[in-house]
Each structure stands twice: as structure tokens, then as C-alpha cells.
2 protein chains.
Amino acid sequence: MNEQDFLADYDPRAYPAVAVTVDVVALTIRDASLHLLLIRRAEQPYAGHWALPGGFVRPDEDLTDAARRELAEETGLGGERLRRVHLEQLASYGAPDRDPRMRVVSVAHLAFAPDLPDPAAGTDAAEAAWVPVAGLTARPLAFDHGRIVDDALERARSKLEYTPLATRFLATEFTIGDLRAVYETVWGHPVHAGNFHRKVLSVPGFVEGTGTSTERGGARGGPRARLYRAGDARLLHPALLRPAREETAR
Amino acid sequence: MNEQDFLADYDPRAYPAVAVTVDVVALTIRDASLHLLLIRRAEQPYAGHWALPGGFVRPDEDLTDAARRELAEETGLGGERLRRVHLEQLASYGAPDRDPRMRVVSVAHLAFAPDLPDPAAGTDAAEAAWVPVAGLTARPLAFDHGRIVDDALERARSKLEYTPLATRFLATEFTIGDLRAVYETVWGHPVHAGNFHRKVLSVPGFVEGTGTSTERGGARGGPRARLYRAGDARLLHPALLRPAREETAR
DNA sequence: AGAATAGTGTCTCTAAGACACTATACT
DNA sequence: AGTATAGTGTCTTAGAGACACTATTCT
């Protein structure tokens with residue numbers, strides 16, 4: 001039976017219900033390590049476990065709008081600051097048994113946020129916090145959220161290669177060193193400072209100079225660094241490729 | 001309200017119904033041009049328009065399983081031949097008004113198929129056919145399927161760059177010339193034969209020789225070509241990058 | 001014979017990465 | 001003073017692309 005035949009004589013109330021939710025993997029960098037926004041579940045199943053923020057898609061809402069709303073609710077963010085957060089669709093997860101209560105298809109999203117204040121405690125019934133990604137292996141997330149986070153991290157690492165979205169983790173003005181710290185944190189390995197510096201400046205539209213410099217040098221010494229803004233490029237040519245990993249190639 | 005609170009006291013029957021469907025953008029190469037599998041709608045809305053094959057996700061079916069089932073139903077394919085078709089999730093489309101009848105969230109998939117016979121007429125109520133992609137601009141597709149196809153084509157062009165999936169458009173044994181024809185057809189521009197040849201053989205795991213050659217030379221002359229099989233690489237290192245397009249970069 | 005293709009050789013230019021070095025500003 | 005960082009210079013090597021050329025097999 002085809003979609004159109006099916007829809008033509010389809011009675012929504014008679015069909016097994018499917019719920020559509022959005023979940024958000026919101027990443028940020030705090031204290032030089034990668035964090036993501038999680039909420040702690042109060043109810044069964046998975047009571048006490050951490051889970052991704054998310055919720056039902058409302059009747060008149062597009063998918064990404066729903067994700068942005070959920071993000072706003074959990075972070076207390078709004079207006080200009082919310083608009084600066086990068087948000088994109090990641091993938092959909094719909095294994096029949098992924099939620100023990102009913103059939104739930106979740107459209108997962110990926111967000112890159114600058115360093116934000118802690119979620120205001122008490123705005124919501126659930127506890128929400130920025131949690132270090134590194135500590136996640138110890139405590140498994142609710143549902144299939146661990147798998148979703150894995151996919152999100154791989155997407156994030158890949159996005160830094162060929163888009164200028166690393167700047168979305170930073171304030172509007174940043175130094176090349178700040179930008180390099182984003183790459184090192186997300187990729188999880190050091191990046192050569194000198195080569196990175198030259199490379200970033202050579203890619204058209206990645207960053208543009210402000211003409212100003214930092215007020216002070218680095219905390220442990222060094223000259224004042226020039227400040228840059230995000231440029232107008234949407235893709236990086238040439239890309240900043242991670243070193244090839246043989247395991248993933250085969 | 002959070003997902004877990006919401007779900008805890010959620011009555012599926014009381015909530016506005018959302019339907020979840022899968023749609024498939026199945027690509028193949030016929031007569032040296034890119035084709036996709038479409039069905040012609042018999043019913044309103046969009047009666048007479050071409051649309052993507054697709055349908056409802058069944059209660060105990062994962063999303064990609066549903067897409068593979070839809071593809072099998074429309075192509076009449078099964079077993080080993082169906083398993084050789086590459087199928088991956090593309091993205092989900094859920095604008096509130098994308099279907100005039102009700103709220104439908106569609107999880108679109110992308111398929112790469114070798115040249116297949118025409119869909120058997122009459123196996124299904126709807127007419128199904130492989131349609132040249134080039135002619136689509138003239139006749140708009142139903143719903144937002146035009147947008148989905150655009151996204152699918154861009155994903156396909158990009159996938160050829162960094163994965164060996166071009167081989168999925170071909171039979172198990174193919175020549176380097178066959179492979180180059182896939183790239184030229186999907187990318188829509190000529191690729192330098194000599195450089196392509198050397199490049200493909202230099203990427204580890206892209207193709208492996210069979211030790212045999214074609215029975216005859218090319219239709220318009222030329223020596224017999226060596227035959228290759230797909231190798232074991234899942235990613236191409238280094239990638240076969242398309243020439244940079246300035247428009248998309250900015 | 002003439003033409004088209006398979007496959008290889010060679011050269012140039014870009015880009016990545018390793019390393020070195022200077023200048024600056026911190027503790 | 002000692003040390004860390006910003007930023008630049010230089011060298012080597014890999015890879016992309018342009019071009020040329022031979023061998024083979026078609027009409």
C-alpha cells in the first residue's frame with residue numbers, strides 16, 4: 001500500500017499512536033573541556049538517570065523550531081543570545097523499543113553554544129546542568145541517548161573540519177588561540193599552534209580582523225593577541241582536516 | 001514541561017495525531033544519466049503529480065527497515081539484489097503544513113542502486129518509474145518532495161567525495177571507466193580520465209583488482225579494461241574532492 | 001586508416017606539517 | 001630571570017591537476 005492510498009482512507013485515531021519528539025545535544029566549552037546540556041530524570045523509567053533535553057513537537061511547530069524552544073526552556077536563553085547558538089538537525093531515532101512506554105520517534109538536533117551560565121535551578125521540575133562529556137562513559141544515559149550523543153560528537157568533530165562553526169563556541173570576538181582551543185577540545189588532541197594560525201588566516205572568509213587586540217597577554221605570559229570576528233564563509237576551502245585515522249578508514 | 005513529565009501522564013489518543021512516514025530518494029544511473037524512482041499519485045492532493053515512494057512506519061519496524069521495505073515494494077527487488085542497494089537516512093521533514101490533510105513527519109532516506117529493471121507495472125495501484133533527474137525542474141513534485149530531492153542530490157554528490165559508495169551504482173565488477181562515469185553523472189561535470197584512474201588506484205581499499213579484463217574494448221574503440229571489485233574501505237583517504245565552488249563557500 | 005579509450009609518465013603548484021625563531025608580556 | 005604565548009619564516013613532502021604519450025581495439 002502506498003502513502004497516498006494509505007492517507008486517503010486513514011483515520012488517525014484508529015492507527016497505533018506514534019509520538020514525535022525532539023531531543024537536543026547542546027555542546028559548549030567550559031574550563032577547556034567539552035560539556036553538554038543534560039537533565040536528570042525524576043520519573044520512571046530511567047529515574048535518576050541523565051537524559052537529553054527534549055519534548056513533544058507541538059501541532060504548529062516545525063521540527064527545528066521545537067528544538068530551539070526546548071533549548072530556550074532549559075537554558076533560560078532568549079533573543080539575541082539564543083539566536084547566536086548554532087542549531088541543526090542531526091538524525092532521527094525510531095527503534096520500536098527505544099522507549100518502553102510507547103512508540104516514540106525522536107528527531108535529534110545538534111547545538112553549538114558559547115559558554116553559558118548554569119541553567120537556573122528551579123525554573124523547571126527537573127534538574128538541568130552542563131555535564132562534562134568525558135565523564136559520560138561512566139554513567140549511561142537514559143533511553144538510546146548515549147548513542148545519540150556519540151553520533152552528535154562525531155558530527156561535531158566533522159563539522160569543525162569543513163565549516164567555520166567552531167566560532168559558535170566563542171564570543172563574538174576571539175583570538176586565534178581561543179579558536180585553536182575549540183578545535184583541540186572537540187577533536188580531543190593538540191593542534192600545532194603555528195600551522196593552525198597561518199591556516200586559519202589563509203582560508204577565505206573564516207575570520208576577519210577587528211583591528212584590536214586583547215587588553216592583556218595570556219595568563220602565563222605572552223604578547224597580546226589580535227582579536228577576530230567570524231567571517232562570511234559558510235564552508236571552509238580548503239578544509240581543516242583531522243589527521244586520518246586508519247581505524248575509521250577501513 | 002519536560003519529555004519525561006509529559007510522557008508520564010500522556011494519553012496518546014487525546015493528543016493531536018502525528019503520522020510518521022518514510023520517503024525514499026532512490027538514485028540509479030541509466031543511459032549515462034541520473035534517474036530516481038518516482039510514483040505517480042492517483043488521488044488528491046497532487047493527483048497526477050510525481051512523488052517519492054514512501055509510506056507509514058509500521059508498529060514494530062525501525063525507520064531504515066521501513067524505508068527498505070518501501071523500496072522493495074516499489075522495485076520488486078528482494079534478497080541479495082536488495083541487500084546490495086545502499087540505504088541511509090537523509091533527514092526528517094516536518095513542517096506543519098507540508099501535507100494539507102494532517103500532520104505528517106517524514107523521515108527521508110537516500111538509496112544508491114545499480115541499474116535495475118523497470119518497476120513491474122501493475123504490482124501496485126500506482127504507476128512507478130525511473131525518471132531522469134534532469135527533467136524534474138519542469139514538473140514539480142508533490143508535497144515538499146522537490147526540496148527533499150534537492151537535499152538528497154547534494155548529499156549524494158558529497159558522499160562520492162569521501163566514501164566509496166560510487167561502486168554501489170555499478171555491478172559487482174566494473175572498470176575504472178565505469179566508476180568515472182558514475183562520478184561524472186552524479187557531479188554533473190567531466191572528470192579528467194588519467195588523473196582519476198591513478199587517484200582511484202592510489203586510495204587504499206577503494207577498489208581491488210580481479211585479475212580479469214573486459215571481453216571487448218570500448219564500443220568506440222580502445223583496449224580492454226581491467227576489472228575491479230569494491231574494496232574494504234568505508235572512507236576514502238585522501239578524499240576525491242570536487243573542485244571548490246565559490247558560490248557555496250560564501 | 002582513423003578514432004576513441006586504457007593506462008602511465010612527468011611537471012607544476014598548492015597545501016600540510018615539522019621545525020625554528022623573534023617579540024612580547026606574564027609570574 | 002624565566003617562561004609561555006603570538007605570530008612569522010622556511011623546508012620537506014604529499015597530493016591535485018594539467019599535459020603528454022603509448023598501446024590497444026573498435027568502426
Side-chain angles (χ1 to χ4, degrees), chain A residues 32 160-162 170 173-184 187 189-204 206-228 235-246 249, chain B residues 32 160-162 170 173-184 187 189-204 206-228 235-246 249:
Chain A
L160 292 208
E161 294 189 291
Y162 59 92
L170 300 170
E173 298 199 348
F174 51 85
T175 68
I176 302 293
D178 295 335
L179 190 61
R180 181 165 52 83
V182 172
Y183 277 86
E184 292 182 333
W187 284 353
H189 61 73
V191 174
H192 189 285
N195 291 337
F196 180 85
H197 194 107
R198 190 166 358 146
K199 175 71 188 256
V200 166
L201 296 185
S202 77
V203 175
F206 192 177
V207 299
E208 58 182 26
T210 63
T212 59
S213 294
T214 51
E215 290 292 315
R216 300 175 34 86
R220 283 171 294 181
R224 296 173 187 174
R226 289 177 212 158
L227 287 166
Y228 295 86
L235 291 173
L236 302 183
H237 282 293
L240 280 111
L241 298 176
R242 287 174 281 177
R245 303 123 296 162
E246 285 302 321
Chain B
L160 291 207
E161 292 188 292
Y162 59 92
L170 299 170
E173 299 200 348
F174 51 85
T175 68
I176 303 293
D178 294 335
L179 191 60
R180 180 164 53 83
V182 173
Y183 277 87
E184 293 182 333
W187 284 353
H189 60 72
V191 174
H192 189 284
N195 291 337
F196 179 85
H197 193 107
R198 191 167 358 150
K199 175 73 188 252
V200 166
L201 295 185
S202 76
V203 175
F206 192 177
V207 299
E208 59 182 25
T210 63
T212 59
S213 294
T214 51
E215 290 292 314
R216 299 175 37 85
R220 282 173 294 182
R224 296 174 187 172
R226 290 178 211 157
L227 286 167
Y228 295 86
L235 291 173
L236 303 183
H237 281 293
L240 280 112
L241 298 176
R242 288 174 282 178
R245 303 123 296 161
E246 284 303 320

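Only a predicted model underlies this, so the values are computations on that prediction, with no experimental measurement involved. We name chains A, B, ... by the order of the sequence lines, and we start the count at 1 in each one.
The closest side-chain heavy-atom distance from A:L179 to A:F206 is below 4.5 Å. The side-chain heavy atoms of A:R242 and A:Y183, taken from C-beta on, include no pair separated by under 4.5 Å.
Toward the 5′ end of DNA chain C lies the nearest nucleotide of A:N195, the other residue of the pair A:N195 and A:G217 mapping further downstream.
Of all the heavy atoms in A:T214 and A:R224, the pair that sits closest is O-CD, 3.3 Å. Annotation for B:E161 and B:L236: closest pair O-CD1, 3.9 Å, computed over non-hydrogen atoms.
The base of C:dG9 sits within donor-acceptor range of the side chain of B:R198, with an N or O pair under 3.5 Å.
Comparing atom distances between the A:R220 side chain and each of D:dT8, D:dA4, D:dC19 picks out D:dA4 as nearest. Across C:dC26, D:dC19, C:dG7, the shortest atom-to-atom separation from the side chain of B:I176 is found for C:dG7. Among the nucleotides D:dT5, C:dA16, D:dA16, the one closest to the side chain of A:P238 is C:dA16. In the set D:dT5, C:dT5, D:dT8, the nucleotide with an atom closest to the side chain of A:P223 is D:dT5. Taking every side-chain heavy atom of B:H197 into account, C:dA6 is the closest of C:dG17, D:dC26, C:dA6.
Close to C:dA6, at under 4.0 Å from its OP1 or OP2, lies no side-chain N or O of B:R226. Between B:R216 and the phosphate of D:dT24, there is no side-chain N or O to OP1/OP2 separation shorter than 4.0 Å.
Atom NE2 of B:H192 is separated from atom P of C:dT12 by 17 Å (rounded to the nearest Å). Protein atom NZ of A:K199 is 20 Å distant from nucleotide atom C1' of D:dA6, rounded to whole Å.
In this structure, B:A193 reaches neither bases nor backbone, as no heavy-atom distance under 4.0 Å exists between it and the strands shown. If you check every strand for non-hydrogen atoms under 4.0 Å, A:G221 touches a base.
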